[in-house]
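Some notes on the structure that comes next.
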Number of protein chains: 2
Amino acid sequence: MRPLLHPSIEDITVEGLLHALSDPVRVSMFVDIVAQACPQNCSNFLVVSDRAIPKSTLSQHFKILREAGLIRSERHGVEMQNVSRCTEVDERFPGLIRAILVAHGIQSKDEARAKKSAAKKSAKRAGGAGP
Amino acid sequence: MRPLLHPSIEDITVEGLLHALSDPVRVSMFVDIVAQACPQNCSNFLVVSDRAIPKSTLSQHFKILREAGLIRSERHGVEMQNVSRCTEVDERFPGLIRAILVAHGIQSKDEARAKKSAAKKSAKRAGGAGP
DNA sequence: TCAATAGTTCATGAATCCGGAACTAATGAA
DNA sequence: TTCATTAGTTCCGGATTCATGAACTATTGA
């Protein structure tokens with residue numbers, strides 16, 4: 001098993017970062033890793049936004065986040081611990097990650113609101129019996 | 001020929017924006033569109049960063065920028081005029097586009113510096129005869 | 001040494017990307 | 001009107017990338 005690759009800070013590219021974060025599953029994974037104080041292992045993500053994600057797919061997603069320079073993965077015993085590299089990335093591209101996370105937050109809020117209002121409408125149509 | 005699609009502001013997604021800007025050719029196209037005061041037509045991009053881009057590929061790139069919500073394309077006579085939708089996007093996701101363009105600027109500067117120093121080194125090796 | 005757990009790699013079908021050839025739409029000249 | 005020109009789009013093939021189940025590797029503990 002070849003060792004995990006972590007790009008050095010000057011090898012991190014904007015394109016790589018944007019590509020890594022242009023996938024909804026990977027953004028939620030990254031948001032969780034950033035939000036949690038403690039390092040996150042893979043199994044914490046077997047379900048992302050109500051969708052089951054196979055282990056092999058997760059592994060690929062972690063690889064892309066890692067090779068984009070967004071996270072650092074270290075083996076601790078039998079499991080992997082993933083922590084964000086926000087601070088480093090922010091040194092090279094100030095404000096970028098923050099802006100993306102804020103935008104993602106705005107969009108999540110909008111989606112939740114849209115979902116709620118759709119559910120309300122559907123409940124109205126069904127005569128009060130919501131999902 | 002089906003009409004051009006422009007998403008309404010609330011249909012613009014962070015994923016779409018990031019995906020559109022995660023390609024080096026598309027970023028430079030977008031940077032140019034933002035920088036130029038006058039609308040840009042397709043032919044202005046037949047060469048992007050010293051690389052010839054076929055018309056069909058350009059057309060696809062414009063489509064992706066357009067459907068992500070980054071630009072607005074309007075036919076004026078025989079040619080197309082493309083203008084950025086920065087202001088609108090910034091209303092929905094404040095600071096996002098700006099942060100990406102700034103990061104891209106930092107990276108371009110770094111690349112130019114690296115290229116220059118590589119050329120210098122190569123010139124030294126070749127005994128003063130640069131490329 | 002064997003079983004269990006956590007994650008990676010491999011193989012393959014699906015989806016996407018690139019670019020040349022053919023097409024369409026607007027304009028202007030004959 | 002008809003034809004030529006210009007500007008861009010669409011179509012289709014090959015190349016690349018993506019998703020995922022199956023097989024594999026590494027670590028720990030019994």
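Because only heavy atoms are used, hydrogens play no part in the values below, and waters and symmetry mates are left out as well, while side chains stay in. Below, chains carry the letters A, B, ... as their sequence lines are ordered, and counting in each starts from 1. Worth saying up front: this structure is predicted, and the values here are computed from it rather than measured.
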With a 4.5 Å limit on heavy-atom distance, are the side chains of Arg26(A) and His19(A) in contact? yes
> So do the side chains of Glu91(A) and Glu88(A) get within less than 4.5 Å of each other, counting heavy atoms only?
Replying inline: no
Rounding to a whole Å, what distance do you find between [X]:[atom1] and [N]:[atom2]?
{"X": "Glu74(A)", "N": "dT8(C)", "atom1": "CD", "atom2": "P", "value": "14 Å"}
{"X": "Gln60(A)", "N": "dT8(C)", "atom1": "CD", "atom2": "P", "value": "9 Å"}
{"X": "Leu58(A)", "N": "dT5(C)", "atom1": "CG", "atom2": "P", "value": "18 Å"}
{"X": "Leu65(B)", "N": "dC17(C)", "atom1": "CG", "atom2": "P", "value": "13 Å"}
{"X": "Asn82(B)", "N": "dT9(D)", "atom1": "CG", "atom2": "P", "value": "8 Å"}
{"X": "Phe62(A)", "N": "dG7(C)", "atom1": "CZ", "atom2": "C1'", "value": "10 Å"}
{"X": "Lys63(A)", "N": "dT9(C)", "atom1": "NZ", "atom2": "C1'", "value": "9 Å"}
{"X": "Arg75(B)", "N": "dT24(C)", "atom1": "CZ", "atom2": "P", "value": "13 Å"}

Walking DNA chain D from its 5' end, the first of Pro54(A) and Gly77(A) to be reached, judged by nearest nucleotide, is Pro54(A)
Is there a side-chain polar atom (N or O) of Thr57(A) under 4.0 Å from OP1 or OP2 of dT20(D)?
-> yes
Exercise. Would you please confirm or rule out a distance under 4.0 Å between OP1 or OP2 of dG19(C) and any side-chain N or O of Ser56(B)?
Key: no
Do Val31(A) and Val102(A) belong to the same hydrophobic cluster, where Ile, Leu, Val, Met, Phe, Trp and Tyr are linked whenever their side-chain heavy atoms lie under 4.5 Å apart, directly or via other members? yes
Where [X] and [Y] come nearest, the two heavy atoms and their spacing:
{"X": "Pro7(A)", "Y": "Asp11(A)", "answer": "CB-CB, 4.3 Å"}
{"X": "Ile12(B)", "Y": "Ala68(B)", "answer": "CG2-O, 3.5 Å"}
{"X": "Ile33(B)", "Y": "Val83(B)", "answer": "CG2-C, 3.9 Å"}

DNA chain C nearest-nucleotide lookup for His76(B) and Lys55(B): closer to the 5′ end is Lys55(B)
Regarding the side chain of Val78(B), the nearest nucleotide among dT5(C), dT8(C), dT6(D) is dT6(D)
With a cut-off of 6.0 Å (strictly less than), are more than 12 heavy atoms of other residues, nucleotides or ligands near CD of Glu10(B)? yes
Distances for protein N or O near nucleotides 13-18 of chain D N or O, under 3.5 Å:
from	atom 1	to	atom 2	distance (Å)
dC18(D)	OP1	His19(A)	NE2	3.3

